[in-house]
Every structure is written in C-alpha cells, then in structure tokens.
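I have placed the structure first, in the form of structure tokens, so that the comments after it can refer back to it.
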Amino acid sequence: METVVLDTNGVRLHCLAWGAEDAPLAVLVHGFPDTPYTWDLVGPRVAEAGYRVLAPFTRGIGPSTDTDPPDYGSDTLGADLIGLIDALGREQAVLVGHDFGASAVYSATGNHPGRVAKMVTVA
C-alpha cells in the first residue's frame, strides 16, 4: 500500500493506493464515520485482480482538506470522484461506495455516466 495525494474540486485528497499505476482504475469510497482503512482487505484483492485502486479520505476526513464553508453534499462528493479520475488523466473508473460513499458514487454516475465504467454500492 502507498499513499497518493491529489488536488481536485478545490480540495486535496489523500488516498490509499494499491496496484500498478497503468492498470484500469477502481476507486473505493468509504462511508461516514469510516475512513479508507475500511478497504484495507479489499483494496489489495482488487489490485490483484488487475486494477489500480485508490481509496480516498473524503473531503474533511483525516488528512484530506475541506472547503470553507464545508460541503458534504452528494453532488460535491461525486464531483470529487470525477475530479480524482481527471487528476489521474483517466477517462473512466470503476466506482465502489459504502454507506455515505455509495451516495457519492450514485451522484458521480448519474451526473457523469460516461466516466463510470462500473458502479458498485454497498449499504
């Protein structure tokens, strides 16, 4: 596991990362009050399946920054996910969300369907 830091949508997101940088991208989004460590058993397995896996600390959680005033709306969090895809120079990603992260994944997929290769939500 490594840590990746990306600037997107007005915030700096710190991400746990696994897998080869040139592999297809999968983004695992934690719920609240969880952290990306929710995915510490899943991330390596998804990477073994051939993906570059990022699990971001969502805005305002852990070392990730936030805006002033804070904005944790689903559309904002979904835009953060699309911004992660952009920051990595990718066209698409598989998005996996748990709990509050699922809401962000729904928003990202609904607002940018062409950017999401597959969507998985767990609640």
Side-chain angles (χ1 to χ4, degrees):
M1 178 178 66
E2 62 184 287
T3 301
V4 174
V5 180
L6 298 166
D7 293 320
T8 179
N9 202 22
V11 294
R12 175 166 284 178
L13 300 180
H14 293 249
C15 308
L16 305 181
W18 300 266
E21 290 186 25
D22 61 345
L25 180 61
V27 180
L28 311 180
V29 189
H30 65 83
F32 182 81
D34 299 325
T35 71
Y37 294 107
T38 298
W39 305 107
D40 64 352
L41 297 176
V42 175
R45 288 179 173 84
V46 175
E48 289 172 9
Y51 288 88
R52 172 62 167 173
V53 180
L54 289 185
F57 285 86
T58 57
R59 60 172 52 223
I61 302 294
S64 291
T65 63
D66 203 350
T67 54
D68 185 22
D71 182 359
Y72 306 116
S74 295
D75 284 344
T76 299
L77 296 174
D80 289 350
L81 300 179
I82 298 303
L84 282 178
I85 297 169
D86 290 340
L88 292 167
R90 305 296 188 95
E91 291 298 317
Q92 289 188 321
V94 173
L95 299 182
V96 180
H98 170 254
D99 183 59
F100 206 74
S103 179
V105 168
Y106 287 131
S107 177
T109 303
N111 290 327
H112 305 277
R115 305 299 306 278
V116 180
K118 294 181 195 279
M119 167 183 100
V120 179
T121 59
V122 183

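- Looking only at side-chain heavy atoms (C-beta outward), W39 and V96 come within less than 4.5 Å of each other.
- For the pair V53 and G43, the tightest heavy-atom approach, listed with the atom from each and the gap, is CG2-O, 3.7 Å.
- Residues D75 and N111 are in side-chain contact: their nearest non-hydrogen atoms beyond the backbone lie under 4.5 Å apart.
- Taking hydrophobic clusters as Ile, Leu, Val, Met, Phe, Trp and Tyr residues chained together by side-chain heavy-atom distances below 4.5 Å, V46 shares a cluster with M1.
- A pairwise comparison of heavy atoms in G50 and P24 identifies O-CD, 3.3 Å as the closest pair.
- Note that the CG atom of L77 and the CG atom of D71 stand 7.5 Å from one another [nearest 0.5 Å].
- No side-chain heavy atom of V116 sits under 4.5 Å from any side-chain heavy atom of H112.
- Within the 4.5 Å cutoff, the side chain of L88 has heavy atoms near those of the L54 side chain.
- Put simply, NZ on K118 and CG on L95 are 12.5 Å apart, with the number rounded to the nearest 0.5 Å.
- Nearest heavy-atom pair, V4 versus A17, reported as atom, atom and distance to 0.1 Å: CG2-CB, 3.7 Å.
- A salt bridge links E2 to R52: at least one charged side-chain nitrogen sits closer than 4.0 Å to a carboxylate oxygen.
- The two atoms that bring G101 and V29 nearest to each other are CA-CG1, 3.6 Å, heavy atoms only.
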Exercise. In sequence, state the C-alpha distance, the side-chain angles, and the governing distance for T76 and N9, and then conclude on side-chain contact (heavy atoms from CB on, under 4.5 Å).
Key: CA-CA 8 Å; T76 299; N9 202 22; 4.2 Å; yes
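- You'll find the side chain of L84 reaches within 4.5 Å of the side chain of C15, heavy atoms only.
- Applying the side chain to side chain contact (heavy atoms under 4.5 Å, CB included) test between D66 and each of P70, P69, S64 identifies P70 as the sole match.
- Here the straight-line distance linking atom CG of L28 with atom OH of Y51 works out to 11.0 Å at 0.5 Å rounding.
- Taken together through direct or relayed side-chain contacts under 4.5 Å among Ile, Leu, Val, Met, Phe, Trp and Tyr, W18 and V94 form part of one hydrophobic cluster.
- A donor-acceptor pair under 3.5 Å is absent between the side-chain atoms of T109 and the main chain of Y106, judged by distance alone.
- A heavy-atom distance below 4.5 Å is not found between the side chains of T58 and D80.
- Between the side chain of H30 and the backbone N or O of Y37 there is no donor-acceptor pair closer than 3.5 Å.
- There is a path of hydrophobic side-chain contacts, each under 4.5 Å, that joins I82 to M119.
- Looking at L13 and T8, their side chains come closer than 4.5 Å, going by heavy atoms from C-beta outward.
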Quiz prompt | Residue pair S107, S74: steps toward the side-chain hydrogen bond (donor to acceptor under 3.5 Å, both in side chains) verdict | solution = CA-CA 6 Å; S107 177; S74 295; over 6 Å; no
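- The minimum heavy-atom distance linking P36 with A55 is given by the pair CB-O, 3.2 Å.
- Between D86 and R115, at least one side-chain N (NZ, or NE/NH1/NH2) sits under 4.0 Å from a carboxylate O, which counts as a salt bridge.
- Using a 4.5 Å cut-off between side-chain heavy atoms of Ile, Leu, Val, Met, Phe, Trp and Tyr, with links allowed through other members, V11 and I61 fall into different hydrophobic clusters.
- The local environment of CZ in F57 is crowded, with over 12 non-hydrogen atoms from other residues, nucleotides or ligands closer than 6.0 Å.
- Contact between G78 and A108 at its shortest, heavy atoms only, is O-CB, 3.6 Å.
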